[in-house]
Structures are given as C-alpha cells and as structure tokens.
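Just below is one structure, and these are the notes that go with it.
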Amino acid sequence: MNRLAGITGVISAIGVLAMTGIVGYEVLSRSLFNEPTIWSAEISTYLLVAIAFLGLTAALRGGDHVQVEVLLTGLPDRWSRRLLCFGDWLGLTMVAFAAWQMAFFNYAEYVNDTRDWGLLATPQWIPELPVSIGLALFAAGLLLEIMRKSERVFSVIIVALLMAGLAIALFILGARPPSILGTRLDWGSASIAIWICLSALAINGPGMAGAVGAALIGVSGIYWLANGLGLAAVGALIAMTILVLLVIGVRVALALGIMGLLTLLFLLPTPQLSVLAERSWNSVNTFTLTAVPMFVLMGALLIRSGVTREMFDAMGKWFGRTPGGLAHASVGASAVFAAVSGSSLATAATMGKVACPEMIERGYDRRLTYGVVAAGATLGILIPPSIAMIIYGTTVGVPVTQLFMAGVIPGLLLSAGFMGCVLIWSLLRPEATPRGMHYSLAEKIRGSLSVLPFGLIIVAVLGSLYAGFATPTEAGAVGAIASLLVCAMRRMVSLRLLYETALETARITSFLLLIVVGAAIMSWGFDFLQIPRSLVSTVDNANLPPWAVVLILAALYVVLGMFVESISMMLMTLPVTFPIIIALGLDPIWFGVALVVMIELGLVTPPVGIVLFVLRGVSGDVPLRDIVYGVLPFVVVILLFQVLIYFVPELVLWLPEQTK
Amino acid sequence: EDLTMGVLPSPNSLYTKMMEQVPERISRATGGAVTVSLNDSLVGGTQITASVRDGRVPMSGALHTYLAGEDPRMGLFNLPGLINNMAEYAYLCEAFWCGDIEALWEERWNSVVLAEGAWCSQALFSKEPIRTLEDFKGKRLRVHNPQTAALMEAIGAKPAPLPLSEVPPALERGVIDGVFTSTCYGNGQEYWRLAPNVQNWQIGPITGWVVIMNKDTWDGLSEEHRSAIQIEMDALEKEALYDFYSSVRAAVEEMEAEGVELWTAPASEVERVTAAEFAGASYKQFYDRAAELGFDGKAYVKKAFEVLGKEPREGS
Ligand code: NA
Ligand code: NA
C-alpha cells in the first residue's frame with residue numbers, strides 16, 4: 001500500500017515535468033513557428049487532473065493536507081489524539097462517498113462514450129480514471145493513517161475484509177442503490193456508514209465506534225430535520241458544522257467536502273450524490289488551474305538554486321549603514337522573490353532560511369527579525385505571479401492577467417509600508433537594529449549582479465505574458481523553464497533535483513486542488529439552495545452604505561483568517577461574498593486584490609497562520625509567541641493599507657486600466 | 001414543485017432572452033404548480049447536458065454542438081456549405097433533423113426537448129481583416145466545434161481550442177488572431193474592441209440551443225401539466241424563430257453605432273473557402289464517427305442536402 005502511494009507519487013511527479021514540457025513546447029511552437037497545437041491545452045489539463053488526484057496519498061504521507069490541530073493543543077495529549085482520530089473517521093467517510101460515486105460516474109461515462117467537446121473528442125473516461133484511482137487510494141491511505149496512529153489494531157485482516165466487503169456491497173447495489181424504506185437515504189450510503197463504524201470498532205474499539213456511529217446518526221438526523229427550514233436557520237447550522245469540523249481537526253478540504261455531502265444528502269429536494277463525482281472531476285479539469293503547478297515548480301526550483309541568498313546579501317550591502325538595514329533588505333528581497341514566486345509559503349520558507357539566521361547573527365532583535373520576514377513573505381501572493389489570484393480569477397471569471405497587473409502597485413506600496421514600519425521600530429528601539437557595515441559603490445554594484453537571474457525570470461514571465469507569447473497560464477511554464485535554466489547555469493540540475501522539486505510540486509498542487517474540490521462540492525449545494533442570492537437580497541434590503549458592508553466583510557475575513565487556511569477561506573466565502581460585492585457595484589478586480597490582502601493578513605494572524613508555522617518550522621527553536629509579537633506591528637500596517645485601497649481604489653485599478 | 005434550470009451566462013444574447021421567459025411561461029401554463037428557477041452559475045457550459053441526464057439539475061438550456069464529438073448528428077449544422085442561414089436551418093429542423101435529435105436526446109441523454117432555437121448568426125471577430133481565402137492562412141482562430149476546426153486546418157488557418165474565459169486576454173495579447181462566435185455574444189462581450197473586424201463567412205452560421213428537461217422529472221409531471229407546458233414551449237420556440245433576425249439586426253446596429261461594420265463574404269469567396277478539397281476533412285470526420293456509431297453518415301448528409309433542394313457538395 002505504502003509502495004503504491006510511492007508509485008502514484010512518482011507518476012504525478014512525472015506528470016508535473018511532462019506538463020511543463022508540453023506547455024513550454026506549445027509556447028515555443030506557436031510563437032516561433034506559428035504552429036499552435038490543438039492538443040496541448042487539453043492534454044495538460046488532463047495531466048493536472050492526474051497530478052492532483054494521484055498526488056493525494058503522497059501529500060497525505062507528507063502531512064500536507066492542512067488541518068487546524070493547534071486548537072487541540074490545550075487538551076491532554078490522549079484526548080487530542082482521540083479527537084483527531086475521530087475527525088479522520090469523518091474525513092474518511094466523505095472520501096469513501098466521493099470514491100464510490102466517482103467509480104460509478106467514471107463507468108457511466110465509459111458506457112455512454114462521453115466525449116470532450118474540444119477538437120480531440122477525447123473519451124472522457126480515460127482522463128477520469130486517475131480521479132477514481134486517486135480517490136480510492138486516498139481512502140485506503142486515510143484508513144492506513146488511522147491504523148498507524150492507533151495504539152492497537154484489533155485485526156488487520158478484519159479491516160481488509162471489511163473494505164473488500166464494502167466494495168462488493170457497493171458493486172452489487174449498483175449506480176442507483178434502492179432507498180431505505182422509501183426515505184431519502186439509500187442502501188449504498190448506509191453501507192458506507194456501517195463500514196465506517198465496523199472499521200472503527202476493529203481499529204479503535206467500541207468507544208470510538210460508538211462515537212463515530214453516534215455522530216453519523218446524530219448529524220444525519222439534524223440535517224434531515226433541517227430540510228425545509230428557513231435559510232437563516234440552515235445557514236447557522238452550516239456555519240456551526242464547519243466550525244466544529246475545523247476545531248476537531250478535520251482536514252480543511254475534507255471539512256468542506258463533508259459540508260457539501262450533508263447538503264447533497266439532506267438539504268436538496270432529492271439527494272444528489274453524483275455531484276461528488278461531477279465536481280471532483282470538473283472543478284480540477286480546468287485549464288487555467290494548470291498554472292498552479294507551474295508557478296509552484298518555478299518557486300521550488302529557485303529556492304534550491306541559491307540565488308536568493310546572494311540577492312539578499314546584495315540588498316544588505318545597498319542598505320549598508322541605514323538603521324535597520326538588513327530588515328529593509330529583507331523586505332526588498334521578499335518583494336523581489338515574490339515577483340518570481342506564486343506563493344507566500346514558498347516566500348516564507350525561502351526568506352526564513354536566508355534572512356533570519358543572518359539577521360540574528362548580526363544582533364537584530366528576534367521579534368523584529370521574524371516579524372519582518374513573516375510580513376515580507378505575505379507579499380508572495382500580492383506581487384504577481386500569485387496562486388491565490390489564479391484561483392480567484394478562475395472561480396469568479398476575472399482575467400488573471402488583469403489581476404496580476406492590479407497587484408503590482410499595491411505590492412510595492414505595501415513593501416514601502418513594511419519598510420516604514422521597520423524605520424519606526426528602529427527609531428523607537430535602536431538596540432533592535434545594530435548598524436551595518438559600510439560598503440563601497442563598487443562592492444554594491446558587484447553584489448547586485450546576483451539580481452540578474454531574477455531579472456531574467458521576471459522578464460521571461462511578465463514579458464511572455466504581455467508581449468503575447470503566452471496566456472497567463474502558460475507564463476508559469478515559461479517561468480519554470482527559466483528557473484531550470486538558472487539552475488543549469490549554476491550547474492545544479494540533476495535527476496534528483498528534478499524529481500524532488502516535481503514531487504514537492506505535485507504534493508502542493510494536490511493539497512491545494514483538493515481544497516478546490518471540497519469547496520466546489522460545498523458551493524454546488526449552496527448555489528442550488530440559493531443561499532448566496534438570499535444573502536445578497538438581505539444585504540440589499542438592509543440598505544447599508546457600501547463602506548459598512550465592506551467593513552462587515554473585512555471583519556468577517558479578519559476573524560476567519562485567524563482560524564482558516566487562506567485558499568479555503570477564499571473559496572468557502574466567495575460564493576456568498578462575491579455576489580454581494582458585485583451587487584454593491586464594486587469592481588471584481590479591486591475585490592480580488594482586497595481579498596488577497598485579507599488572505600495575507602490571515603497568513604500571519606494567530607492561532608492559525610500558516611506563514612507563522614512555516615517560520616517556526618525553519619527557525620529551529622524560536623517560540624511561536626515571539627514570531628507572533630514580532631508580526632503584530634506589520635498586521636496594523638496591512639489593516640491600514642486595506643483602508644487605504646478602499647478609499648483610493650485607483651491604486652489597484654489604475655495599472656490594469658493602462659494595459660488594457 | 002420547483003425545478004432548477006441550469007443556463008449559460010451569456011448577457012445580451014437571444015439565448016438568454018428566451019431562457020428568461022421559461023419560468024414565467026411554465027408557471028403560467030401550470031397555474032403556479034410547477035415553478036422554474038434559472039441558475040447561471042451552477043453548471044458550466046459543457047457539463048450542462050450530463051447534469052440533466054443524471055438528474056443533478058432537472059432542466060437546462062443546452063447546446064447540441066457540445067455533443068457533436070459524441071454523435072455527429074448533433075453538429076450537422078456545422079458542416080461547411082450545408083446551411084447558409086436561419087431559414088435553411090429551420091427548414092432542415094422541421095423536415096426531419098429536429099425529430100431525429102429529439103429521439104437522440106431522449107435515448108442517449110435521458111432528456112425531453114421542450115423547445116428549439118438558435119444563437120444569433122456566427123461571425124468571425126478578428127484583429128486583421130480576413131476577407132479572402134488567402135487571409136486565413138496562418139491565422140490563429142479560436143473555434144468551438146470539430147467540423148469547423150477541420151475546415152480551418154484544411155485552408156491553412158490554425159484552429160486553437162481556447163476556453164472561452166481565455167479568449168479576451170488571448171485576443172488582447174495576440175495569442176490568437178480571431179474567434180468564431182455568435183454575433184450577439186461577441187457584441188455583448190464587446191470583442192470588437194479587441195478584434196474590430198467582424199465578418200460573416202457563413203461557416204457553420206447557425207448554432208442551435210434547446211430547452212431540455214430530465215425525462216424522469218418530465219414523466220413525474222401530470223399529463224395535464226405536460227401538455228400545457230408543451231404548448232407554452234412551442235410558443236417560445238416560435239417567438240425565438242421570429243425574433244432571430246431582429247436580434248441579429250440589433251447586435252449589428254449596436255456595433256455600427258460604435259463604428260464597427262459587419263462584413264459579409266461574397267458567395268464566390270465562400271465557395272472557394274468551402275471548396276471540396278477543404279470541406280472534405282469536415283465531412284470525412286462526420287462519416288468516420290458515424291461509422292463508429294453504426295449509422296450511414298453519407299446517406300444522412302445526402303438526405304439533408306436533398307431536403308434543402310441542394311446538390312450534395314463535391315467532397316461531401
Ligand atoms: Na508572487
Ligand atoms: Na491566521
């Protein structure tokens with residue numbers, strides 16, 4: 001089983017490299033020889049699907065699927081372990097439902113001979129196969145994970161027999177299992193519930209089995225009764241459910257999926273379980289999302305190339321004896337790195353390794369050091385390229401090119417804001433920022449040569465985008481190839497490097513896109529029940545001034561951002577907040593940038609701030625508390641900045657207007 | 001009973017204008033017993049047929065052309081030189097084709113067709129004028145069906161299957177040189193700002209749409225409601241046909257007000273572009289897929305030409 005996860009991991013890593021090659025080939029063939037292929041967009045999208053779903057188990061083994069464990073740290077160890085295990089059972093329930101539905105969906109597509117409407121008319125069951133396999137392996141992987149964490153396993157053979165039994169039962173029941181006594185529940189769903197309880201009994205004993213069983217029955221009962229209640233009651237129930245799922249440590253993507261599953265089973269006029277399969281397949285089978293692995297790969301390659309350290313050193317020389325010189329250099333280097341990286345986490349990991357040790361060694365205050373690096377890292381998703389913007393643009397249908405442009409000026413301004421914060425800090429507490437050395441102009445210029453590789457990549461990415469060689473999604477591949485060239489020039493390219501970066505890319509893509517799937521399932525139910533629309537009309541009828549609505553939304557995002565991982569926060573709220581923003585007459589590009597700024601805030605606010613965790617991870621022994629205190633002044637800067645762009649939206653919208 | 005109806009987001013189009021009438025008409029026909037809610041965000045364009053087939057949404061405003069890869073009869077109207085205008089499309093529909101595909105909708109997609117209609121005539125929006133056969137050479141054009149793609153490839157253009165969302169940035173940056181789309185949709189999206197040459201080449205000029213309902217849902221309605229709904233939907237279908245040219249006209253006038261002229265290709269040049277040596281590829285594709293499905297594609301196409309009083313084309 002573990003080996004199988006390894007193999008699928010390798011396959012999805014190869015998928016990443018193949019996709020880079022294909023997209024790169026398309027760009028070259030089209031721009032140099034005017035020979036666009038009719039297959040590259042479609043094939044690379046299928047590869048994305050395969051990468052995402054076959055990478056699920058590798059991501060699981062790597063601990064990549066985000067969950068909110070920290071809230072459990074207050075509990076005795078034994079209890080937090082039990083709660084996590086309980087959450088794993090609930091997550092497994094959702095994955096089992098999805099795998100079951102996907103298998104039948106896939107088979108039906110084979111029988112119906114469904115073809116893609118594109119020019120290749122590809123039989124859809126072929127690219128759907130990795131989804132079915134990936135989900136089934138993910139379910140098995142989750143079960144193994146539960147067994148691995150459990151103190152005693154009653155009998156491995158019984159667990160295996162139960163799994164086989166479930167597969168046989170579902171197979172016999174067929175695509176549309178009969179309903180139980182004419183109710184809305186069917187025997188297929190019941191089989192999964194029974195299987196979960198029996199497996200919990202075999203692995204964790206009667207206590208856990210009882211708890212899981214009670215939860216399944218209790219939640220089903222509540223949702224069953226909730227069908228037909230007013231939207232306010234249903235909305236409150238949904239919000240409560242998500243909160244509880246997150247607090248007990250269910251992986252975020254699966255928490256969204258469970259919420260979707262409950263809606264599909266109990267709240268719709270008739271149960272619609274096939275949505276689990278249809279959304280799993282279609283939400284990832286989206287060409288614009290192929291940019292995600294490309295920009296992740298680009299960052300991963302650059303991190304290993306070592307150019308970041310040299311660039312940081314060069315910046316340090318330029319700031320020389322300026323008070324807080326290295327802290328300024330850290331913001332500057334973060335901004336430059338952000339221009340070649342699509343993710344704030346990659347920026348945090350890189351700058352955390354490069355800048356923090358250097359600053360601490362030169363006697364900088366620990367809080368300032370980690371605070372400024374954490375703040376700088378958040379620029380990763382504001383300065384283009386940005387994975388958050390790609391997902392936002394894909395979800396709401398706004399051109400990613402324009403979003404990228406819109407992030408440039410805010411990114412530079414926010415960098416300046418962070419530097420201003422450093423300046424004030426060093427004036428108030430001079431001992432926090434020891435003076436640096438003086439460097440001659442020649443030394444400064446010589447050091448600056450290290451910025452060249454970044455220049456090359458920025459020109460390659462933005463140049464290909466705005467000169468018309470590449471669509472936004474293809475620019476990512478150009479960037480990845482340019483990063484590979486930088487590595488090659490430094491004689492660092494090896495099979496090992498390629499494999500490791502590709503596997504890392506596959507894992508990150510997998511965990512990000514599983515969140516996209518979970519959110520897509522959830523929002524299908526919401527959309528069907530017209531929850532977003534009713535909220536919009538509620539807001540409309542309240543006749544609040546726009547600033548008040550924006551203020552309420554901002555407060556909502558600040559609170560959510562404390563607890564929820566950033567991309568999930570965006571995807572779980574967009575179905576509701578985006579229509580409200582549009583109804584208020586605000587610009588969708590402006591909102592994209594404002595949302596990204598709120599996400600940045602969420603990345604560095606405790607208790608759940610992923611950038612904080614990343615820095616804690618690379619720092620070794622620095623207490624999380626110091627990082628949190630250090631970042632607080634910068635949080636204030638981000639909040640003030642948000643107010644600024646609300647009152648001066650031109651800061652966001654001017655540049656995209658110019659490039660139209 | 002409230003039925004959710006998935007539709008495509010397509011502002012300012014005849015399609016949307018017609019879809020917006022469906023709830024009111026069905027509610028009126030059934031005295032409020034059956035209501036319909038339109039939803040343009042629930043299912044994406046290409047998933048709209050499978051969603052109705054599997055009952056995820058009970059109704060939708062769907063397109064045949066998305067299914068042309070599965071069954072070429074769904075894309076009959078895309079064959080070069082077969083249909084030149086809405087009158088011919090409507091006549092072919094009436095004669096036998098719509099009956100055939102209604103049976104297909106029922107058999108293969110578990111759907112009952114309630115009304116048929118068509119998008120505004122297709123136009124080619126391009127950055128540079130494309131007015132002769134030679135102008136097509138090397139142009140990267142976004143197309144949305146396999147038949148037109150085959151023709152474009154044969155005349156030396158470069159068909160590019162971009163997703164619709166990527167069309168505006170791709171036009172803007174010159175990643176593509178032009179796009180085939182409905183005149184009304186292209187006008188609604190203001191494609192002419194990026195691609196100011198709007199040309200009617202009569203290549204697959206009409207693309208149909210249908211209002212469909214899941215068959216199980218339909219069978220669950222009372223006999224009385226079904227016939228009342230069918231009468232209203234027939235009326236909708238007629239209106240869509242009558243409104244067709246006025247909608248095209250309105251779009252063309254709106255563009256004219258912006259200084260954009262619709263250019264129509266002379267018959268002689270259309271003849272050159274759809275000559276046997278080029279059009280043959282589209283026809284061959286139709287016949288090959290027909291053979292896979294086990295029906296005589298040649299006979300089917302021949303019948304279509306004969307109904308329209310046309311000689312089957314050379315190469316067809
Ligand atoms: Na970035
Ligand atoms: Na946070």
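Heavy atoms only: backbone and side chains are in, while hydrogens, waters and symmetry mates are out. Chain letters run A, B, ... following the sequence lines, proteins first and then strands; every chain starts at 1.
Summarising the geometry, atom CG belonging to A/Asn285 is positioned 8.0 Å from atom CD belonging to B/Gln47; distances are rounded to the nearest 0.5 Å. Taken to the nearest 0.5 Å, the CZ atom of B/Arg108 stands 7.0 Å off from the CG atom of A/Asn112. Going from atom CZ of A/Phe528 over to atom CG of B/Asn39 covers 8.5 Å, rounded to the nearest 0.5 Å.
Taking 4.5 Å as the heavy-atom cut-off, the residues of residues 272-282 of chain A that approach chain B are A/Gln272, A/Ser274, A/Val275, A/Glu278, A/Arg279, A/Asn282, ordered by number.
Contact tally against chain A (heavy-atom pairs below 4.5 Å) for B/Ala149, B/Ser37, B/Gly69: the top residue is B/Gly69.
The closest side-chain heavy-atom distance from A/Asp116 to B/Glu70 is not below 4.5 Å. Between B/Arg56 and A/Trp524, some side-chain heavy-atom pair lies under the 4.5 Å cut-off.
B/Glu292 has a carboxylate O that lies under 4.0 Å from a charged side-chain N of A/Arg115, or vice versa, which qualifies the two as a salt bridge. Here A/Asp113 pairs with B/Arg289 in a salt bridge; the nearest charged N to carboxylate O distance falls below 4.0 Å.
For B/Asp71, no part sits under 4.5 Å from any heavy atom of chain A, backbone or side chain. Residue contact with chain B, scored on non-hydrogen atoms closer than 4.5 Å, involves the backbone and the side chain of A/Thr114 alike. Neither the backbone nor the side chain of A/Phe526 has a heavy atom closer than 4.5 Å to any heavy atom of chain B.
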Run the salt bridge (charged side-chain N to carboxylate O under 4.0 Å, His left out) check on A/Glu26 and B/Lys158 step by step: do they pass? CA-CA 13 Å; A/Glu26 162 75 13; B/Lys158 311 285 176 188; over 6 Å; no
